[in-house]
Amino acid sequence: MTIRLSREQARRVAVCGQALTADRPAGIVETVDALTIVNIEPTAAIAPSADHILWSRLGWPYQPADLARLEQHDRAVFEWGGFYRTMADLPLVVPEMRRRPASQAARDWLEANDRFRRDVLARLRAEGELRPVEIPDTAQVSWRSSGWTNNRNAQQMLEILVMTGDVAISSRDGKGRRFDLAERVYPADVPVLGDEEAARERAERRLGALGIARAKGVAQPVEPIAAGDVGETAVVEGVEGEWRVDPTALEAAEEFRPRTALLSPFDRLVFDRDRLAELFGFEYILEMYKPAAKRRWGYFALPILHGDRFIGKLDAKVDRKAGVLVVHAVHEDVPFTDRIAAAVEAEIDDLARWRGVEVRRGSGAG
């Protein structure tokens with residue numbers, strides 16, 4: 001049976017899946033579990049993406065030190081593939097670790113540097129967690145790239161060994177990541193799942209977090225944005241093609257309790273730009289990579305969610321030295337009512353309070 005949804009219903013399913021209603025999650029682990037993955041991107045115009053994503057769900061109780069404790073001491077969350085995940089999801093990832101590296105070039109390089117690989121593992125075993133700069137480069141063949149990884153052999157070896165599950169990220173601070181043997185970070189009694197079983201459960205978890213998604217989507221390097229054949233078939237009024245919808249998110253959307261939120265540009269609710277346009281009618285591009293003269297909304301504009309609609313973008317930046325959140329502009333995609341304007345202002349104030357700064361409006365702010 002095909003489920004028929006209005007766009008409003010589809011939007012609400014998506015928002016519920018991403019835990020962005022007034023019914024906030026209970027804590028960090030519960031939030032990461034609900035989202036399945038939390039993006040790790042250190043750009044801190046406002047805050048590092050993981051911190052911003054968690055704050056936008058939990059509000060003022062969230063503090064970055066709590067996430068660090070859960071990763072480094074409690075081992076309740078771990079990093080893999082550029083995302084935080086709950087340790088409970090490790091069994092779902094292990095089968096993919098066994099298939100890594102994904103590219104032939106990386107496999108060839110790893111084979112050519114087998115002695116270097118053994119050197120890195122031996123040093124970690126002897127000395128414990130280390131940063132890449134603390135590991136001697138004994139590579140037989142240098143890593144070649146047109147990007148910043150060129151000739152960064154220790155860094156590249158660690159990255160590959162994390163993806164294969166031999167090494168794990170053990171901690172992170174202002175200077176970056178520390179690496180250790182996976183056996184000292186991951187639990188020893190990880191259930192063994194087959195490839196198909198793990199892939200299906202990951203797909204079910206993914207759809208639960210997205211709420212609604214296409215069965216097929218643009219290929220992604222680590223985490224797909226498509227649902228595959230899990231969930232229920234759905235069509236959305238006014239949108240071509242079929243979707244897959246998560247029954248739990250669909251049920252939650254029936255008692256939708258809206259709120260206003262300032263989202264990270266790396267939030268999964270806005271990550272799939274096609275879905276964002278089709279369901280929300282929202283145009284958004286992260287413009288930090290554009291020349292300043294070509295930006296419409298600002299260097300690091302935050303999508304503004306109000307209920308089940310995106311209503312604008314906040315162009316703002318935290319100046320830690322001055323102790324202020326500089327609000328350059330609030331771009332209204334739709335005219336704000338007094339009630340909406342007040343809700344957005346309250347979120348801006350909460351964001352500044354969470355970052356420990358004062359709000360200061362720039363010349364372009366309303």
Side-chain angles (χ1 to χ4, degrees), residues 6-16 18-25 44-47 49 51-62 253 255-271 273 275-277 279-288 292 295-320 322-366:
S6 67
R7 282 192 181 178
E8 179 184 65
Q9 288 174 312
R11 291 194 300 268
R12 291 185 173 191
V13 168
V15 173
C16 286
Q18 279 291 293
L20 280 165
T21 69
D23 301 307
R24 294 180 183 264
I46 297 294
S49 66
D51 294 324
H52 189 153
I53 290 166
L54 291 170
W55 169 78
S56 66
R57 273 70 179 180
L58 293 165
W60 66 266
Y62 171 74
E255 298 184 8
F256 186 77
R257 297 182 63 228
R259 67 180 176 91
T260 304
L262 306 175
L263 301 188
S264 164
F266 301 101
D267 199 289
R268 294 295 278 187
L269 191 60
V270 300
F271 184 82
R273 302 294 196 256
R275 189 183 79 146
L276 190 62
L279 299 185
F280 291 88
F282 186 61
E283 182 185 6
Y284 179 74
I285 297 172
L286 177 57
E287 298 181 308
M288 61 186 284
R295 295 174 190 150
R296 288 179 291 170
W297 308 309
Y299 173 79
F300 203 73
L302 309 184
I304 304 173
L305 178 71
H306 181 72
D308 62 12
R309 299 300 302 265
F310 283 101
I311 58 172
K313 295 98 175 170
L314 170 66
D315 180 10
K317 183 177 181 179
V318 170
D319 184 338
R320 296 295 299 177
V324 293
L325 171 67
V326 182
V327 177
H328 297 294
V330 178
H331 300 283
E332 300 181 13
D333 283 25
V334 296
F336 286 8
T337 64
D338 289 345
R339 184 174 63 83
I340 291 175
V344 172
E345 287 299 315
E347 284 299 303
I348 294 172
D349 289 342
D350 285 349
L351 176 60
R353 190 177 306 112
W354 172 62
R355 296 297 288 141
V357 296
E358 300 291 330
V359 177
R360 186 176 75 195
R361 292 194 168 275
S363 57

Between atom [atom1] of [X] and atom [atom2] of [Y], what is the distance when rounded to the nearest 0.5 Å?
X: Tyr62; Y: Ile53; atom1: OH; atom2: CD1; answer: 10.0 Å
X: Leu351; Y: Trp55; atom1: CG; atom2: CH2; answer: 4.5 Å
X: His331; Y: Leu302; atom1: NE2; atom2: CG; answer: 10.5 Å
X: Thr337; Y: Glu332; atom1: OG1; atom2: CD; answer: 9.5 Å
X: Leu286; Y: Tyr299; atom1: CG; atom2: OH; answer: 8.0 Å

Give me the atom names and distance for the closest heavy-atom approach of [X] to [Y].
X: Asp267; Y: Ser56; result: OD2-OG, 4.2 Å
X: Pro265; Y: Ala301; result: CG-O, 3.7 Å
X: Ala352; Y: Leu325; result: CB-CD2, 4.0 Å
X: Ala343; Y: Thr260; result: CB-OG1, 3.4 Å
X: Ile348; Y: Arg361; result: CD1-NH2, 4.5 Å
X: Leu20; Y: Ala261; result: CD2-CB, 4.2 Å

Side chain proximity check, Arg296 to Ile285, heavy atoms < 4.5 angstrom | yes

Could you tell me whether the side chain of Ile340 reaches within less than 4.5 Å of the side chain of Val334, counting heavy atoms only?
-> no

Tell me whether [X] contacts the main-chain N or O of [Y] through its side chain, where contact means a donor paired with an acceptor under 3.5 Å.
X: Arg12; Y: Pro258; answer: no
X: Arg24; Y: Thr21; answer: no
X: Arg11; Y: Asp308; answer: yes

Give a yes or no on whether Arg360 atom CZ has more than 12 heavy-atom contacts from other residues, nucleotides or ligands under 6.0 Å away.
-> no

Evaluate side chain to side chain contact (heavy atoms under 4.5 Å, CB included) for Val344 paired with Ile311, printing each intermediate quantity in order.
-> CA-CA 10 Å; Val344 172; Ile311 58 172; 4.1 Å; yes

Give the C-alpha distance, both sets of side-chain angles, the deciding distance and a yes or no for salt bridge (charged side-chain N to carboxylate O under 4.0 Å, His left out) between Glu287 and Lys313.
-> CA-CA 12 Å; Glu287 298 181 308; Lys313 295 98 175 170; over 6 Å; no

Residues Arg355 and Asp51 bridged, charged N to O under 4.0 Å = no

Arg275/Leu269 under side chain to side chain contact (heavy atoms under 4.5 Å, CB included): CA gap, chis, key distance, verdict = CA-CA 9 Å; Arg275 189 183 79 146; Leu269 191 60; 3.7 Å; yes

Could you give me the CA-CA distance, side-chain angles and deciding distance for Ile46 and Leu262, then say whether side chain to side chain contact (heavy atoms under 4.5 Å, CB included) is met?
-> CA-CA 11 Å; Ile46 297 294; Leu262 306 175; over 6 Å; no

Audit row: His306, Arg339, side chain to side chain contact (heavy atoms under 4.5 Å, CB included) steps and yes/no | CA-CA 11 Å; His306 181 72; Arg339 184 174 63 83; 3.9 Å; yes

Partner set under ring-ring contact (aromatic ring centres under 6.0 Å, His included) for Phe310, not counting sequence neighbours = Phe280, Phe282

Could you label the plane-to-plane angle of the Tyr284 and Trp297 rings as parallel, tilted or perpendicular, counting under 30° as parallel and over 60° as perpendicular?
-> parallel

